[in-house]
Amino acid sequence: MGKIFPKSDDKPSNEHSFTIHKLLHLILKADGLREYVGIMDAVMKEHLQTYKNCKQVNVRDMAKRYLLTLSSNIFLGINDPGKIETLRERLEVIETGIFSIPVNFPGTCLNRSIKASRLMIKELNAIARQRRIDLSGHRSSSRKDFMSVLLLAKDDNGQFFCDEDISSHLVGLLLASYSTMQSTIINIMKHLAELPAIYNFVLREQEEVVDGKKPNDMLTWEDLRMMKYSWNVACEALRISTPGIGSFREAITDFTYEGYTIRRGSKIYWNFDATHKNPKYFHDPDKFDPSRFQGDGPTPYTFVPFGGGPRMCPGNEYARVAILTFLHNMVTHFRWEKLIPDEKTIHYPVPRPAQGLPILLHPHNP
């Protein structure tokens, strides 16, 4: 991973990651995201216009374009379609390398991934250099994208982060927001097509949001807080088809688990499905049931699509806003049905319908 997402100094990876992780938490926390809700809604509404005359669409392609347009705008301040398409091509090469056999010589997936990452970092470095000039001359817009925030930030020693580190972390952030969330959106759309009763509950909730707004008003943070059932649906989709397989951690002290002694320094692999599909915590775990998340919800640390504790994914709130914004606009404009009723699910690199979930759209107001 260090070759795909390089850092500029000799600090240990965990120290380097902790510094940037802390900064990302500040940027991506709820208070910081409030001002972006209307922008996300505007991006989705504009994105939806490209499908208003389409009867058949592929949800994977729709989600990819929406998420990358969104993250390019908010993370980088880029909204040029040509530049966004170039980013997409690079990210897909990088993603393939991450899940490949770790052999680095010309022609391998990993080698192509490293080259694509270096090229993307080089391109972002050029943008960062110009952005620094703009920021120093106060020529930036009043709304700051994440790159601008990082360029103005300082580490614990009062030093600015270097452009290479910022670009490397932004590549990782773009990839995370692009690959995992598209899987979640696809699976939400799949379940809503299969379960009309649940779709109707979501529609009713979203119509209540619309009824409380003036025509052409953008979504607000308060609107998102009203979407409790819709987020329960998203959480259930995350539980059944978690967009990941798990993660490695290092034991920082000796401990005993289930009669086994785990020594300090041991590498531990934890898997989402160990609890997500465990009937001890989720009755009838293969059933899609959003009511599991009502009230107090699941037992703590049994539902962990974003991890847990101090190392929880800093993008969990960003994911919530992006997913609910997509869902609000789709449900208030369309019903849909699957074009391949028995479409198979593949699990590489994350669980998703094999053909990308082609659907037939039925507009509410044709």
Side-chain angles (χ1 to χ4, degrees), residues 4-11 15-44 46 67-88 90-91 94 116-178 218 220-221 313-319 321-322 325:
I4 297 176
F5 305 110
K7 56 188 180 66
S8 63
D9 53 41
D10 296 324
K11 290 181 182 178
E15 180 182 344
H16 195 276
S17 297
F18 177 76
T19 302
I20 200 72
H21 197 270
K22 184 168 63 174
L23 182 58
L24 288 175
H25 264 298
L26 292 174
I27 298 172
L28 294 167
K29 67 180 182 179
D31 289 343
L33 287 173
R34 285 175 181 268
E35 63 182 288
Y36 294 103
V37 175
I39 298 165
M40 291 182 173
D41 190 31
V43 169
M44 181 57 193
E46 182 178 348
L67 291 168
L68 191 54
T69 301
L70 196 64
S71 56
S72 297
N73 188 308
I74 292 176
F75 297 174
L76 307 177
I78 293 175
N79 52 29
D80 178 80
K83 292 181 179 179
I84 293 172
E85 177 61 20
T86 300
L87 290 175
R88 184 194 65 77
R90 304 257 196 273
L91 287 171
I94 294 170
S117 177
R118 288 176 179 171
L119 186 56
M120 195 168 174
I121 289 170
K122 182 179 178 180
E123 292 165 347
L124 294 188
N125 280 342
I127 296 172
R129 285 193 295 272
Q130 183 59 50
R131 192 69 53 79
R132 280 195 189 278
I133 295 172
D134 294 343
L135 290 168
S136 64
H138 304 290
R139 293 198 299 271
S140 62
S141 64
S142 59
R143 178 181 63 81
K144 294 176 182 175
D145 51 78
F146 289 5
M147 175 183 276
S148 297
V149 173
L150 291 170
L151 287 170
L152 293 172
K154 296 180 180 180
D155 63 19
D156 293 338
N157 297 317
Q159 301 296 314
F160 287 108
F161 293 98
C162 74
D163 293 353
E164 289 76 12
D165 285 344
I166 289 173
S167 297
S168 179
H169 283 291
L170 283 171
V171 171
L173 198 60
L174 283 166
L175 183 63
S177 68
Y178 175 68
M218 294 293 117
T220 65
W221 188 259
C313 172
N316 62 322
E317 278 295 326
Y318 176 85
V321 176
T325 300

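We count residues from 1, following the sequence as given.
Residues Leu91 and Met120 form a side-chain contact, since some pair of their non-hydrogen atoms from C-beta on lies under 4.5 Å apart. Contact annotation: the side chain of Ser148 approaches that of Leu135 to within less than 4.5 Å [non-hydrogen atoms, C-beta and beyond]. Between Tyr36 and Val321, the closest side-chain pair of non-hydrogen atoms is not below 4.5 Å. You'll find the side chain of Ile74 reaches within 4.5 Å of the side chain of Met40, heavy atoms only. Using a 4.5 Å cut-off on side-chain heavy atoms (C-beta onward), Val149 and Asp145 make no contact.
To the nearest 0.5 Å, atom CG of residue Leu175 and atom CG of residue Leu68 are 10.5 Å apart. Taken to the nearest 0.5 Å, the CG atom of Leu170 stands 6.0 Å off from the CG atom of Leu76. With rounding to the nearest 0.5 angstrom, the CD1 atom of Ile166 is 12.5 Å from the CD1 atom of Ile121. To the nearest 0.5 Å, the span separating OH on Tyr178 from CG on Leu87 amounts to 10.0 Å. A distance of 9.0 Å separates OG1 in Thr325 from CE in Met44, rounded to the nearest 0.5 Å. Interatomic distance, His169 NE2 to Leu174 CG, rounded to the nearest 0.5 Å: 13.0 Å.
Side chain to side chain, Asn125 and Ser167 meet the donor-acceptor criterion of an N or O pair below 3.5 Å. Looking only at atom types and distance, the side chain of Asp165 has no donor-acceptor partner in the side chain of Ser168 under 3.5 Å away.
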- [ ] Start with the C-alpha distance between Arg132 and Asp163, add both sets of side-chain angles, then the distance that settles side chain to side chain contact (heavy atoms under 4.5 Å, CB included), and finish with yes or no.
- [x] CA-CA 9 Å; Arg132 280 195 189 278; Asp163 293 353; 2.7 Å; yes

- [ ] Could you please spell out the steps behind the side chain to side chain contact (heavy atoms under 4.5 Å, CB included) verdict for Asn73 and Ile39?
- [x] CA-CA 9 Å; Asn73 188 308; Ile39 298 165; 4.1 Å; yes

TODO: Kindly indicate, with the supporting measurements, whether the criterion side chain to side chain contact (heavy atoms under 4.5 Å, CB included) is fulfilled by Phe161 and Leu151.
DONE: CA-CA 7 Å; Phe161 293 98; Leu151 287 170; over 6 Å; no

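More than 12 heavy-atom neighbours from other residues, nucleotides or ligands sit within 6.0 angstrom of CZ on Arg88. At most 12 heavy atoms of other shown residues, nucleotides or ligands fall within 6.0 angstrom of atom CD in Glu46.
Of the possible donor and acceptor atoms, none in the side chain of Ser72 sits under 3.5 Å from a partner among the backbone N and O of Thr69. At distances below 3.5 Å, not a single donor-acceptor pair connects side-chain atoms of Arg90 with backbone N or O atoms of Leu119.
A salt bridge does not link Glu123 to Lys83: none of the charged nitrogens lies less than 4.0 Å from a carboxylate oxygen.
Aromatic ring orientation, Tyr318 versus Phe75: tilted (interplanar angle from 30° to 60°).
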